[in-house]
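The next block holds one structure in the form of structure tokens; read it before the comments.
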Protein chains: 2
Amino acid sequence: MDRLFHALADTTRRDILRRCVRGELSVSRLAEAYPMSFAAVQKHVTVLERAGLVTKRRRGREQLVRTDPDAVDGARRALDELETAWRARVDRMSGLLADDPGTGPGTDPGAGPGTRETTEGQDR
Amino acid sequence: MDRLFHALADTTRRDILRRCVRGELSVSRLAEAYPMSFAAVQKHVTVLERAGLVTKRRRGREQLVRTDPDAVDGARRALDELETAWRARVDRMSGLLADDPGTGPGTDPGAGPGTRETTEGQDR
DNA sequence: TCCATCTACAACCATTTGGTTGTACGTTAA
DNA sequence: TTAACGTACAACCAAATGGTTGTAGATGGA
């Protein structure tokens, strides 16, 4: 996960992903598109590869780069979880406001720092 | 975007996001949950804040942290675009496979988007 | 063969990152 | 007021990042 998001946290690398989604490209062809050395682009591709975001395939002396949609989907899925959790929280909150005056739900967020009345929504 | 994905590229920060999705937490309470100093957690929160992933709200001497679902959605949406582009490519490719008997590998990696014979051997 | 191309990798450098400690300041409670 | 709590911020440090150049190994074509 760390490697995945780290790989996405760079404009050049995201651009490489976009280019290699449209079709395989050799590292040299990719390097021509950026104002940096071949070695730098090579490193970016390595970062993407170690994150599982792209795969490489040999063709003669070239190395063709292609982005792996499954890995992209993995990142998307992780963010979906966050959103879902947030929505569940809002739903629970709405339910409480509409129905229950003060019963705390079983959901205990942390172990130690209890204080289960974590000031939900109460703007002050 | 760089800041957004960079903020997500750390286990501690993603955990902070998950905790603060379930309800607001002060920085001190957050810090209790991790084996690092208060200042370190404070820095993580700052990174999340500058990426727009969380917002802070004062309550007396505390600073309550809460994750902003809109920003999370922004990241998810960006990844969706990548996936969509990939799917469009596959559709185009499938169409060609169904239609074209077996064109010789002209293999002109020119400027990409115009060339319709992208990546002759996709799965080999 | 010889040469150009494509790739891999090491060494190096400046900057950033993730962590620490220490200090200072505002707020709450005794 | 004084003490404890929560926060902010600076200074510092080791390690990782993003970039460079240089060298060397394969591969393809004349």
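FYI, side chains are in, hydrogens and waters are out, and symmetry mates aren't considered; it's all heavy atoms of this structure. Below, read A as the first sequence line, B as the second, and so on, with proteins coming before strands; counting in each chain starts at 1.
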Inset, instruction - Using atom NE2 of B/H44 as one end and atom P of D/dT7 as the other, report the distance to the nearest whole Å. - result: 16 Å
Inset, instruction - In whole angstrom, give the distance that lies between atom CZ of A/F38 and atom C1' of D/dG25. - result: 13 Å
Inset, instruction - For DNA chain C, note the earliest and the latest nucleotide, 5' to 3', having some atom under 4.0 Å of a heavy atom belonging to chain A. - result: C/dA4 to C/dA11
Legend entry - Sugar-phosphate only, base, or nothing, as touched by A/R13 at under 4.0 Å among non-hydrogen atoms: sugar-phosphate
Legend entry - Residue A/H6, side-chain atoms from C-beta onward, closest of D/dG19, D/dG6, D/dG18: D/dG18
Inset, instruction - Round to the nearest Å and state the distance from A/K43 atom NZ to D/dT17 atom P. - result: 11 Å
Legend entry - From B/E24 atom CD to B/E62 atom CD, the distance as rounded to the nearest 0.5 Å: 10.5 Å
Legend entry - Earlier contact from the 5' end, DNA chain D, for A/R58 and A/P35: A/P35
Inset, instruction - Compare the minimum distances between each of D/dA8, D/dG18, D/dT7 and the side chain of B/S26, then state the nucleotide with the smallest one. - result: D/dT7
Legend entry - Atom-to-atom span, CG of A/L64 to P of D/dT27 - whole angstrom: 15 Å
Legend entry - Within residues 45-54 of chain A: residues closer than 4.0 Å to DNA chain D (heavy atoms): none
Inset, instruction - Starting at atom CD of B/Q42, determine the distance to atom P of D/dA8, rounded to an integer number of angstrom. - result: 5 Å
Legend entry - Phosphate contact (D/dT7 OP1 or OP2) by B/S28 side-chain N/O below 4.0 Å: yes
Inset, instruction - Please state how far atom CD in A/Q63 lies from atom P in D/dT27, giving the value in whole angstrom units. - result: 11 Å
Inset, instruction - Determine: side-chain N/O of B/R61 to OP1/OP2 of D/dA4, distance under 4.0 Å, yes or no. - result: no
Inset, instruction - Quick one: pull up OG in B/S37 and NZ in B/K43 and give me the separation to the nearest 0.5 Å. - result: 8.5 Å
Legend entry - Reported CZ-to-OG1 distance for the pair A/R50 and A/T46, which is rounded to 0.5 angstrom: 8.5 Å
